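Letters go in sequence order (proteins before strands), and every chain restarts at 1. Everything numeric here is computed off the predicted structure, so don't read it as measured data.
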Number of protein chains: 2
Amino acid sequence: MSDHLENIPELAVSRLLRYHHILMGMSQGDVVSSSDLSEKTGYTAAQIRRDLTYFGQFGTPGRGYTVDSLRNAIADVLGINRESNVLIMGVGRVGAALLHYESFEKHRFHVVAAVDVDPEKVGLEMGRFKVRSVEDLSDIVTEGDIRMAILCVPPAQAQTAVEQLVRAGIRAILNLTAMPVDVPDDVSVRPVNLAVELEWLAMAQSRRGGSRGEKAVPETGFNEKKKGGD
Amino acid sequence: MSDHLENIPELAVSRLLRYHHILMGMSQGDVVSSSDLSEKTGYTAAQIRRDLTYFGQFGTPGRGYTVDSLRNAIADVLGINRESNVLIMGVGRVGAALLHYESFEKHRFHVVAAVDVDPEKVGLEMGRFKVRSVEDLSDIVTEGDIRMAILCVPPAQAQTAVEQLVRAGIRAILNLTAMPVDVPDDVSVRPVNLAVELEWLAMAQSRRGGSRGEKAVPETGFNEKKKGGD
DNA sequence: TAGATTGTTAATCGATTAACAATC
DNA sequence: TAGATTGTTAATCGATTAACAATC
């Protein structure tokens, strides 16, 4: 089994990441069926089973899958079954907020350093971190065995900051700056732009009620439930 | 022209949103060709032209598309050509950071209110906002003509907060809590989970170098550029 | 006009589905 | 055993591509 990631359709990969995330929220020992997962994801049970066969077989006919082992198998094939150290670049309001973010640990991401250009900020204690200077970036990255960074600098400084990160050895960047950046081919960037996320909601909105007025007293209807995930 | 959103393939819709975003970053008067957009997005020029024909024809053969009018046409069909008022639910570190976020305005999202349960926070001045109480939620939503909220409460309070929002009339929620929430059918939720975004980077990482050691002195190579978006 | 780029078609390619034999 | 659910196949469905006539 365990074909490799290259052979799995792009779209299946994104679903696999979703299954992985859901399985992380379940008790290790439980058993889950493709139709359970279907309910939680909205994908068909057939598709879920199909997705899994791209890289192996993990279930017991008549029973289902063990949460623990399925989660592990998916993590293995996706290559996310490892610990990663992470650096926060820019400790403005957003960066500072992320220094206190709890849920990274559960996913095996360890924030291990915070860096800023501003001499006023360098040396400050923030949460369990002491803010360090961009000038020490290479050392910090090497010593901390860091390959990933979260970019939280002001948009105008995004490109400069990225170049510093890359020069220091960072190979993956989560870009929260709302400013596109250029990187060499061997570096990954993942842009997260909250304004664009709001656009998705605006789209969904206009698809529904559209431009017409809302009901004065909205009914609550928490029965016909729908998952709106994390 | 202007077929409606329902008739456009799901995947094309997400590309359209991407084109829209790119066009927003260009000068209104400029002309852009499908191959220009191809370079910026990585999609083929043929696909881009195909995507546009799903809902009309906007170009001039031999010339290309006017940035302004193409952006507008896309925004119209996606239904994102309107102003929206937005409420921030929970002014912890993340919520407070978003109160100072600049780039929403450019996308026609107006943050107009900040709300918290904590009596210690209610009444505080934060940026240009005075934090208001959850108890006044319905009034705030009605008076402010608000349909969208950004959820920044602690994970444990996510579901409760969502129910309050829905009861107050909110119809679209950007969920930054890393906790899945249930909503009625007529409410949209868009989850944004930074840990999951980091997983994407981890996947990309393992697909490349994998587990082997990095070069001691990484070369910089900012020539073979690659767009790593905003 | 010559050069460029659109809009559209038909062919190809890939992903999803439904069904069911195999298995626990 | 009876009931349940997997893994897998073949058929269907949809999306992408390449090519080119139409147009500026």
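Looking only at distances, no side-chain donor or acceptor of B:Glu83 sits under 3.5 Å from a matching main-chain atom of B:His110. A distance-only check finds a donor-acceptor pair linking the side chain of B:Thr41 to the backbone of B:Leu37 [under 3.5 Å].
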Test side chain to side chain contact (heavy atoms under 4.5 Å, CB included) applied to B:Ile150 and B:Cys152, step by step
CA-CA 6 Å; B:Ile150 305 180; B:Cys152 315; 3.8 Å; yes
Could you walk me through whether A:Thr66 and A:Val32 pass side chain to side chain contact (heavy atoms under 4.5 Å, CB included), step by step?
CA-CA 6 Å; A:Thr66 306; A:Val32 67; over 6 Å; no
Dot-bracket notation for DNA chain D is requested: 5' to 3', Watson-Crick or G-U wobble pairs only, both distances under 3.5 Å, with ( ), [ ], | and . as defined.
..||||||||||||||||||||||
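The two atoms that bring B:Lys40 and B:Arg18 nearest to each other are O-NH2, 3.8 Å, heavy atoms only. Of all non-hydrogen atoms in A:Asp68 and A:Gln28, the two that sit nearest each other are OD1-OE1, 2.8 Å.
Atoms CD1 (B:Ile48) and P (C:dT5) sit 13 Å apart, rounded to a whole Å. Here D:dG7 presents its P atom at 12 Å from CG of A:Leu37, a figure rounded to the nearest Å. Nucleotide C:dT8 holds its P atom 11 Å from the CZ atom of B:Phe58, rounded to whole Å.
Side-chain atoms of B:Asp76 and B:Asn81 form a donor-acceptor pair, as typed in the model, at a separation below 3.5 Å. Side chain to side chain, B:Asp51 and B:Tyr43 fail the donor-acceptor criterion of an N or O pair below 3.5 Å.
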Please encode protein proximity along nucleotides 15-24 of chain C as a string of B, S and -, counting only heavy-atom distances under 4.0 Å.
SBBBB---BB
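A cation-pi arrangement is absent between B:Arg15 and B:Tyr19, since the terminal nitrogen or guanidinium carbon is not both under 6.0 Å from the aromatic centre and inside a 45° cone about the axis.
B:Ser35 comes within 4.0 angstrom of nothing in the nucleic acid, heavy atoms only.
Relative orientation of the A:Phe109 and A:His107 rings is parallel, given thresholds of 30° and 60° on the angle between their planes.
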Polar pairs (N or O, both sides) under 3.5 Å between protein and nucleotides 11-13 of chain D?
none

